[in-house]
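Okay, so here's the structure we're looking at.
Quick caveat: nothing in here was measured; it's all calculated off a predicted structure. Read the numbers this way: they start at 1 and go in the same order the structure lists the ligands and their atoms.
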Amino acid sequence: MIVLTPTAEHVRQCADALRAGQLVAMPTETVYGLAGAALDPAALARIFAAKDRPTFDPLIVHVAIDLARPRLEQLRSLVEVEQLGPVARDRIERLLQAFWPGPLTLVLPRTGLVPDLATSGLPNVAVRMPRHPVALALLRAAGMPLAAPSANRFGRISPTSAADVVAELGDRVGLVLDGGSCEVGVESTVLLVAPGGGLHLLRPGGIALAQLAAVAQAPVAMGQPTQGPVVAPGMLASHYAPRKPLIMLPVAAMRIDPSTWRALHLPPHRSVGLLAMAGPGPEAARHLAALAGVPVQALALSATGDAAEIARNLFRGLRELDAGEADLLLAEPCPAPHGDDAGLLHAIADRLARASADRTGTA
Ligand code: TXA
Ligand code: MG
């Protein structure tokens, strides 16, 4: 894999590769994506192969629209706008005005132009306009929509730097544009808008439910609609998983006493890695080491418990502990969603739950 600095010439080189059906790993503000031509089934097949991704898990189509013009209209080649009623259209337009470019993916009725492979044969397509300047430059230079799942092997930790992409995909991909560390650190919020205008949160991300509801002026339901076919595949219980076993602590490490520790019934281990939400790490490590009787290496995701900082460092921290000495990983619970940080905190808790979920029976 060749890692390229994002100069205008390198962006052009990557756009040419994409137009020729090749794959390029690109930075976005959330995580790095593995991009390919969204309307080219052969390119889409390469994405699934490079990631070892099952084809029942659909891809997000990335676009760069003209921000000065009405937004939904510009998605007509991908989205069957006629299938959406006036209430849905109005809500979508308001959401796109408020959150694009940015970490909001909308799931909308698709047109016949979108290959089945992009949507896993579902009647909807997921679309998002990223705000990372390198992603936008690449989309504009390519002049076409790009399908891009996170640039990790299926079920594993999402990459938040070009080095992470190299570690995940190695020679399975030719080119990666290095856009630095991702600013948000967790994937986009995925919101389904039904033809009648109903809103359903399919994946929590940086944008809180309350923010979505305020902008759309409508309530947002959690999860997929209870009626009708499955619309949220790919949301497997086990995902974002390190190689080592990861177990969630019931409370912050400093609050664990000997009886709580014993009740955890941890599997045999020689050394522990602790993913702490807030610092100081060394103090938590000493506290747990006294209980465990084995060395503990702690990594604090934030000095102060700031939600944006925890999100930004989450996947990097998991990756670092996974590569370290410990043979068992423990994670502190993330603070309960509150105030302006509710969306991010919800997304962090979701990723930790999936990273620590039972892996039997999943890829
Ligand atoms: O932040 C992000 O969204 C990143 C960056 C690269 O843009 N991308 C990303 O893609 O997270 P991926 O493939 O890791 O997650 C895509 C998820 C699917 O697993 C599924 O849950 C949902 O988005 N999705 C995609 N297409 C869908 C569809 N047609 N209907 C319902 N859900 C869909
Ligand atoms: Mg992913």
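Between S150 and ligand 1, a contact under 3.5 Å exists for at least one N or O pair. For ligand 1, none of its N or O atoms has an N or O atom of E187 under 3.5 Å away. Residue D57 has at least one N or O atom closer than 3.5 Å to an N or O atom of ligand 1. At least one N or O atom of N124 sits closer than 3.5 Å to an N or O atom of ligand 1. Not a single N or O atom of T28, backbone or side chain, sits closer than 3.5 Å to an N or O atom of ligand 1. Among the atoms of Y32, none of the N or O lies under 3.5 angstrom from an N or O of ligand 1.
With respect to the salt-bridge test (charged N to carboxylate O, under 4.0 angstrom), the residues R319 and D164 qualify. The pair D16-R19 meets the salt-bridge criterion, with a side-chain N (NZ, NE, NH1 or NH2) lying under 4.0 Å from an Asp/Glu carboxylate O.
Excluding water, every protein N/O/S atom under 2.8 Å from the Mg ion (ligand 2) is given here by residue and atom: S150 OG.
In this structure, A148 is part of the shell of residues with a heavy atom less than 4.0 angstrom from ligand 1. Distances from ligand 1 to the non-hydrogen atoms of M26 include no value under 4.0 Å.
No part of M129 comes within 4.0 Å of ligand 1, judged by heavy-atom distances. At a heavy-atom cutoff of 4.0 Å, ligand 1 is contacted by no atom of R110, backbone or side chain. The backbone of L59, and not its side chain, has at least one atom closer than 4.0 Å to an atom of ligand 1 (non-hydrogen atoms only; backbone = N, CA, C, O).
Among residues two or more places apart in sequence or in another chain, the ring-ring contact (aromatic ring centres under 6.0 Å, His included) test is passed with F315 by Y240.
Test R131, R128, H132 against T28 for side chain to side chain donor-acceptor pair (under 3.5 Å) and you get one pass: R128.
Across the listed options A126, G185, A135, A126 owns the non-hydrogen atom lying nearest to atom 26 (N) of ligand 1.
In this structure, R140 places its CZ atom where more than 12 heavy-atom neighbours from other residues, nucleotides or ligands lie under 6.0 Å away.
Each of the atoms 1 (O), 2 (C), 4 (C), 5 (C) of ligand 1 lies under 4.0 Å from some heavy atom of T30.
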